[in-house]
Amino acid sequence: MTATIIDGKSVAAKVRWQCRERADELQARHGVVPGLAVLMVGDDPASAVYVRKKIQACADVGIQSHKFLFSRDEKQSVVIDKIRELSADPKIHGILVQLPLPKHFDLQEVLGAIDQEKDVDGFHLYNVGGLVVGGTVFPPCTPYGVMLMLDNSGVEIAGRNAVVVGASNIVGKPMALMLMNREATVSVCHAKTRDLAQFTILADILIVAAGCPNLITGPMVKSGAVVIDVGINRLPNGQLVGDCDFEAVSRRASKITPVPGGVGPMTVTMLLVNTISSAERSCADRSPAIAGAVGAALID
Ligand code: NAD
């Protein structure tokens with residue numbers, strides 16, 4: 001079997017087109033421009049690249065972004081005061097704190113200061129809890145993007161065996177919850193899992209988010225499985241690869257995401273979706289029609 005490629009770039013392009021239309025509609029009907037505040041502490045070069053990409057993506061679909069930079073040794077209280085100010089600002093519909101934060105910051109305290117109605121990354125405890133009980137204001141972007149790719153590719157989820165490799169708070173755990181909420185039978189593996197292959201071989205849907213190149217080899221994958229590779233790894237020769245041996249796994253899987261060009265483009269796209277959904281909710285009292293569109297299927 002040779003796997004069909006799930007093209008994250010083209011799914012992302014479709015969703016971004018819809019974002020643009022939704023932003024235009026907000027402007028036309030309510031005079032509202034969706035606003036995203038991005039806070040970055042320190043000058044980590046990788047974080048700076050991610051922030052630049054997010055700001056460019058916002059501009060492309062009609063979201064006004066507002067960037068706030070703090071020095072690496074800034075006091076936590078100063079950043080939290082800014083988050084509270086932005087939480088109360090009606091022009092701001094989403095607040096994002098670029099991670100990682102410097103070591104002297106308490107991550108949960110910082111994330112907890114974001115108004116849960118503006119927590120477009122979905123990391124606030126309120127939104128995490130919402131995911132556990134089967135509904136959430138803002139689904140976290142990376143696993144939300146994976147779900148959309150599965151749906152857009154016509155992958156059936158209910159009743160299938162899903163295996164998630166990686167159990168982080170931002171990818172693996174919310175991914176497992178989203179699949180469980182769609183009635184998959186979910187196993188979660190992590191660095192302490194013994195004999196990873198005995199789990200992965202059972203997966204109809206295999207999601208890998210470990211950050212280890214070539215962790216998943218061909219024989220670890222069930223014939224016909226759908227494989228989503230979330231991993232992003234830079235090899236010493238500069239090449240960007242995922243967590244799967246792409247060639248070997250492609251010969252076993254029925255569908256697979258490439259790296260780059262798979263999950264990556266979807267993550268930023270779902271941030272745009274969450275920001276626009278938030279702006280729409282802020283107008284909901286004024287227009288029940290728009291409120292009804294919130295949470296509607298994103299792709300036909
Ligand atoms: P993390 O380091 O926070 O978590 C990694 C998880 O993988 C942990 O639960 C760990 O136990 C598990 N793990 C590590 N080695 C393992 C092994 N040998 N076998 C089984 N499990 C193992 O990382 P993260 O933030 O969840 O990111 C994971 C990967 O996904 C990274 O490569 C990251 O760059 C990538 N990522 C991509 C996107 C995207 O948009 N495509 C978004 C977020 C993260």
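Just so you know, residue 1 is the first one in the sequence shown, and it goes up from there. Keep in mind that this is a model prediction, so the values were computed, not measured. Any value given below was found using the heavy atoms of this structure, including those in side chains, with hydrogens, waters and symmetry copies removed. Note that ligands are numbered from 1 as they come in the structure, with each ligand's atoms numbered from 1 the same way.
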NZ/NE/NH1/NH2 to OD/OE distance under 4.0 Å, [X] and [Y]:
{"X": "Asp89", "Y": "Lys91", "value": "yes"}
{"X": "Glu25", "Y": "Arg22", "value": "no"}
{"X": "Arg182", "Y": "Asp151", "value": "yes"}

What are the atom names and distances for all N or O pairs under 3.5 Å between ligand 1 and the protein?
{"from": "ligand 1", "atom 1": "9 (O)", "to": "Ala167", "atom 2": "N", "distance (Å)": "2.8"}
{"from": "ligand 1", "atom 1": "11 (O)", "to": "Ala191", "atom 2": "N", "distance (Å)": "2.9"}
{"from": "ligand 1", "atom 1": "21 (N)", "to": "His190", "atom 2": "O", "distance (Å)": "3.4"}
{"from": "ligand 1", "atom 1": "21 (N)", "to": "Ala191", "atom 2": "N", "distance (Å)": "3.3"}
{"from": "ligand 1", "atom 1": "26 (O)", "to": "Ser168", "atom 2": "OG", "distance (Å)": "2.5"}
{"from": "ligand 1", "atom 1": "32 (O)", "to": "Ile232", "atom 2": "N", "distance (Å)": "3.0"}
{"from": "ligand 1", "atom 1": "32 (O)", "to": "Ile232", "atom 2": "O", "distance (Å)": "3.2"}
{"from": "ligand 1", "atom 1": "40 (O)", "to": "Thr267", "atom 2": "OG1", "distance (Å)": "2.6"}
{"from": "ligand 1", "atom 1": "41 (N)", "to": "Val230", "atom 2": "O", "distance (Å)": "3.4"}

Geometric cation-pi criterion, Arg252 with Phe246: 6.0 Å, 45°
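No, Arg252 does not sit over the ring of Phe246.
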Pair up each side-chain donor or acceptor in residues 225-241 with any protein partner under 3.5 Å, not counting sequence neighbours, and list the distances.
{"from": "Asp229", "atom 1": "OD1", "to": "Gly231", "atom 2": "N", "distance (Å)": "3.2"}
{"from": "Asp229", "atom 1": "OD1", "to": "Asp243", "atom 2": "N", "distance (Å)": "2.8"}
{"from": "Asp229", "atom 1": "OD2", "to": "Asp243", "atom 2": "N", "distance (Å)": "2.9"}
{"from": "Asp229", "atom 1": "OD2", "to": "Cys244", "atom 2": "N", "distance (Å)": "3.0"}
{"from": "Asn233", "atom 1": "ND2", "to": "Val241", "atom 2": "O", "distance (Å)": "3.4"}
{"from": "Asn233", "atom 1": "ND2", "to": "Gly242", "atom 2": "O", "distance (Å)": "2.8"}
{"from": "Asn233", "atom 1": "ND2", "to": "Asp243", "atom 2": "OD1", "distance (Å)": "2.9"}
{"from": "Arg234", "atom 1": "NH1", "to": "Gly238", "atom 2": "O", "distance (Å)": "2.7"}
{"from": "Asn237", "atom 1": "OD1", "to": "Gln239", "atom 2": "N", "distance (Å)": "2.8"}

Any idea which heavy atoms bring Arg16 and Pro265 closest together, and the distance?
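So the two residues come closest at NH2-O, 3.5 Å.
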